[in-house]
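First up is the structure itself, then whatever we jot down about it.
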Amino acid sequence: MSSYKCLHNPYKVVRMFEEEVAHYTGAPYAISVDSCTNALMLVCKYLQVKEVTIPSKTYLSVPQSIIHAGGTPVFDINANDWVGMYQLKPYPIYDAAKRFKAGMYVSGTFMTLSFHIKKILKIGKGGMILTDSKEAVEWFQTARYEGRHQKMYHEDDIDFNGWNMYMTPQEAAHGLALMQNMELNNPDQGENNGYRDLTEFTLFKDYKKK
């Protein structure tokens, strides 16, 4: 009977994985989503970002996430020596897709993680938001799941226009299995062949550089 109930509680294994990552990173809260890209978009949306300064050499979904959230990316051509993670200035947002180590959380920030197959925790796809804001946690949990709350669909009332960005129980279960052998001090990752300067792309050529 207990296994039958578990099958009807899709949040249980996801919560277990979130708690494991929170404990590992030292964050009070961890909120899983389907990618680091969407983790960044949700954080930018929550903070209602305006102008956001990022390195000009990073992955192209970062400025796209800023734009989708209603913000404007500013490309810093002198900030391309970052390793592991960098700040989306002036906001307390960190793209930490290339870092995953014990105790990495920085108090008072929103840190986004990637579980892509090329990253350190190789789930295949998926992401996470680390934070110490309980208010933000509640917003992210609703926003990632089409405005649904932490209850079964037929018991809910939708009052928020959210997105389809949640992590599946299968991905969370895989993450839990991988965490069993996770090292405490993983080295930061580099990017094979380096990042291309995003200001070279037509999409971004009219955005400001500094």
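One-based numbering along the sequence shown.
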Measure the spacing between [atom1] of [X] and [atom2] of [Y] and express it to the nearest 0.5 Å.
X    : Y    : atom1 : atom2 : answer
L203 : I67  : CG    : CD1   : 5.5 Å
L130 : S107 : CG    : OG    : 12.0 Å
K125 : C36  : NZ    : SG    : 10.5 Å
W82  : Q87  : CH2   : CD    : 14.0 Å
M128 : F115 : CE    : CZ    : 4.0 Å
T37  : L42  : OG1   : CG    : 11.0 Å

What are the two closest non-hydrogen atoms of [X] and [Y], and how far apart are they?
X    : Y    : answer
M85  : V106 : CE-CG2, 4.3 Å
M167 : G127 : CE-O, 3.9 Å
I66  : P73  : CG2-N, 3.9 Å
F100 : M104 : CA-SD, 3.8 Å
S133 : A136 : OG-N, 3.1 Å
C44  : I93  : SG-CD1, 4.1 Å

With sequence neighbours excluded, what pairs up with [X] under the side chain to side chain donor-acceptor pair (under 3.5 Å) test?
X    : result
T58  : Y86
E183 : none
S65  : none
Q64  : none

Looking at side-chain heavy atoms only, is the closest gap between [X] and [Y] below 4.5 Å?
X    : Y    : value
L40  : L88  : yes
F201 : P63  : no
T199 : Y207 : no
Y105 : D132 : yes
L121 : L113 : no
L47  : F110 : yes

Around atom [atom1] of [X], are there more than 12 heavy atoms from other residues, nucleotides or ligands closer than 6.0 Å?
X    : atom1 : answer
M182 : CE    : yes
K209 : NZ    : no
N161 : CG    : no

Pairs meeting criterion salt bridge (charged side-chain N to carboxylate O under 4.0 Å, His left out) with involvement of [range], two or more places apart:
range            : answer
residues 162-174 : none
residues 187-199 : K98-E191, R99-D188, K101-D188, R196-E200
residues 48-70   : E51-K208
residues 66-95   : none

Not counting sequence neighbours, list each pair that qualifies as a side chain to side chain donor-acceptor pair (under 3.5 Å) and has a residue in residues 20-34.
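Sorted pair list: E18-S32, Y24-N186, S32-R144, D34-N38.
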
Would you say [X] and [Y] are hydrophobically clustered, going by side-chain heavy atoms of ILVMFWY under 4.5 Å?
X    : Y    : answer
I129 : V49  : yes
V83  : I77  : no
Y166 : W163 : no
L184 : M179 : yes
V62  : M165 : yes

Keeping the roles fixed (side chain from T109, backbone from T131), state whether a donor-acceptor pair exists under 3.5 Å.
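No, T109 side chain to T131 backbone: no donor-acceptor pair under 3.5 Å.
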
Distance-only, no hydrogens or angles: does the E138 side chain make a donor-acceptor pair with backbone N or O of T142 under 3.5 Å?
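Side chain of E138 to backbone of T142, a donor-acceptor pair under 3.5 Å: no, none is there.
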
So, using ring-ring contact (aromatic ring centres under 6.0 Å, His included) as the criterion, who are the partners of F160 when residues are at least two apart?
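W139.
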
F204: partners by ring-ring contact (aromatic ring centres under 6.0 Å, His included), with sequence neighbours left out:
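For F204, the residues satisfying ring-ring contact (aromatic ring centres under 6.0 Å, His included) (neighbours in sequence not counted) are F75.
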
Check the pair L60, Y195 against side-chain contact (heavy atoms from CB on, under 4.5 Å), reporting the backbone distance first and the verdict last.
CA-CA 9 Å; L60 61 90; Y195 285 107; over 6 Å; no

For residues 47-72, which residue pairs pass the ring pair (Phe, Tyr, Trp, His ring centres under 6.0 Å) check, not counting sequence neighbours?
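Pairs touching residues 47-72 that pass the test: none.
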
